[in-house]
Number of protein chains: 2
Amino acid sequence: MSAPVVPPPVEVRVVIFGLQSDRLSTLLLPYPPQQWQLPGRPHAASQSLEDTANASVCHAAGPLEIYLEQLYTYGDPARGGVSVVYFALLPTSAAHPESLKASGADWKPVDALPTLAFDHASILTYALRRLRYKLEYTAVGFELLPETFTLTELQRTYELILGEKLDKRNFRRRILQAGVIEPTSHRRAGEGRPAQLFRYRPDAVAEVKARRLFP
Amino acid sequence: MSAPVVPPPVEVRVVIFGLQSDRLSTLLLPYPPQQWQLPGRPHAASQSLEDTANASVCHAAGPLEIYLEQLYTYGDPARGGVSVVYFALLPTSAAHPESLKASGADWKPVDALPTLAFDHASILTYALRRLRYKLEYTAVGFELLPETFTLTELQRTYELILGEKLDKRNFRRRILQAGVIEPTSHRRAGEGRPAQLFRYRPDAVAEVKARRLFP
């Protein structure tokens, strides 16, 4: 190539999912005057991409240790730069209220999103597809729940993410067979018989190996 | 942020797998004087990432229409920039000999790689893991084979990628059950009874939906 290469600006964006008021939601920042955007910031050569992603989370929701997974890197010339997008799940109660207030971040339900800036609507659509797909072969659902939970709460989490009702017996059989959760010695009082509380097994890996479809 | 952000240089690299002399191999370019590197080039703001990836493939192996999938984006400061890495499967016979000669590209078996420049050895290790994982739940193997093939050839391809022997009856049962290949009206002569030739179903999608593990 003879012409000098003009490098594109690079930014990192983070799609953060959480369950807010029993709806699958995502954390957005205002984009004045009337739009919203995914948390993110310009990526500097002196940092790692993960550092920039963590700084984006910290700015929006406070210092948090959350699991970030790389989703996709977007880089069409029409976008005006390269965006490395990460993906995270957060119990909404973990976000620091003072950080939300300072940044203006707010949880918005994914089925009733406000107007989004740039191509963030299509990034969110892809992130949601990946989240749903991932849920079918990994134990990713637990990242949205507190440390202990009932099977009903876990099923509800799956239903909220998938956007569909699940058969209770099937769900219980398969989730128990998968061997990633175990009962604790505690029960949660409620209507009727107190419900058994479960937790994820300390040795359970988040990424449950997909059953081999091919040999 | 008060300090101006120094953007990192961005490049695209491509991991190309193929079967060469019955070994799983990857296409590498010389990195003078004595090392090798993944095909790639600097990414310019005026192009899409896919365009840059295709230009990298074209430079190494000639103009080809191959399926490129984004693998991962690397961006530690120690690397000196951001690398967006793509992943491709290529029947080795499809590469243009004159392009290989002009670029100096060569197929190197993944189990006996030469010394690689930069962090390309670890990128290749990750790409290989992803390829093997992908093989277990998708029909990706067909991309390495010619249009028609025998079940023995298909099984051999899977064995070469996975690096392990597979049970013949199990393999045949599962691959036929998966419904992604169909018999053609042709047979290949060889020792003993001529073998049925198969092809991938025109309507088969490359990405076979993983069976739901969770609900």
Side-chain angles (χ1 to χ4, degrees), chain A residues 1 3-12 41-52 55 70 72-82 84-85 133 135-141 155 158-159 162 164 166-167 170-175 177-178 180 208-215, chain B residues 1 3-12 41-52 55 70 72-82 84-85 133 135-141 155 158-159 162 164 166-167 170-175 177-178 180 208-215:
Chain A
M1 296 192 298
V5 174
V6 178
V10 180
E11 61 165 22
V12 171
R41 46 192 42 216
H43 177 60
S46 57
Q47 285 200 305
S48 72
L49 292 166
E50 286 73 20
D51 286 344
T52 309
Q70 215 182 74
Y72 199 76
T73 298
Y74 295 83
D76 274 316
R79 307 183 76 257
V82 169
V84 185
V85 180
Y133 182 69
L135 197 66
E136 292 179 1
Y137 66 96
T138 73
V140 78
Q155 179 175 344
Y158 273 79
E159 289 178 339
L162 294 173
E164 58 180 286
L166 301 170
D167 177 74
N170 254 338
F171 178 83
R172 295 188 173 210
R173 184 173 50 79
R174 297 180 85 162
I175 205 85
Q177 267 177 1
V180 289
V208 177
K209 284 281 275 183
R211 193 187 67 93
R212 283 191 168 195
L213 232 201
F214 290 121
Chain B
M1 294 191 299
V5 174
V6 179
V10 180
E11 61 165 22
V12 171
R41 49 192 43 219
H43 177 61
S46 57
Q47 285 200 304
S48 73
L49 291 165
E50 286 71 21
D51 286 345
T52 309
Q70 215 183 75
Y72 199 77
T73 298
Y74 295 83
D76 274 317
R79 308 183 74 258
V82 168
V84 185
V85 180
Y133 183 68
L135 197 66
E136 293 180 0
Y137 66 96
T138 73
V140 77
Q155 180 175 344
Y158 273 78
E159 289 177 338
L162 294 173
E164 57 180 285
L166 300 170
D167 178 73
N170 254 336
F171 178 84
R172 294 188 174 210
R173 183 172 51 78
R174 297 182 83 161
I175 205 83
Q177 267 178 1
V180 288
V208 177
K209 283 282 278 185
R211 192 186 69 91
R212 282 193 169 193
L213 231 200
F214 290 123

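In what follows, every chain begins at residue 1, and chains take the letters A, B, ... in the order their sequences are listed.
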Heavy-atom pairs under 4.5 Å with chain A, option from B:Gly80, B:Pro7, B:Ala44, B:Ala55 with the top count: B:Ala44
Between B:Arg79, B:Gln155, B:His43, B:Arg173, the one whose heavy-atom pairs under 4.5 Å with chain A are most numerous: B:His43
Which pair of non-hydrogen atoms, one from [X] and one from [Y], has the smallest distance, and what is that distance?
| X | Y | value |
| --- | --- | --- |
| A:Ser48 | B:Asp76 | CB-OD1, 3.0 Å |
| B:Gly81 | B:Pro8 | CA-CB, 4.2 Å |
| B:Thr52 | B:Arg41 | CG2-CG, 3.7 Å |

Best-contacting candidate, A:Ala45, A:Ser46, A:Ala78, against chain B by heavy atom pairs under 4.5 angstrom: A:Ala45
Option from B:Val85, B:Val12, B:Val10, B:Val84 for which side chain to side chain contact (heavy atoms under 4.5 Å, CB included) with B:Thr73 holds: B:Val84
CG-CZ distance between A:Asn170 and A:Arg172, expressed to the nearest 0.5 angstrom: 12.0 Å
Side chain / backbone / both / neither for B:Tyr74 at chain A, heavy atoms under 4.5 Å: backbone
Heavy-atom contact with chain A under 4.5 Å, split by part of B:Glu50: side chain
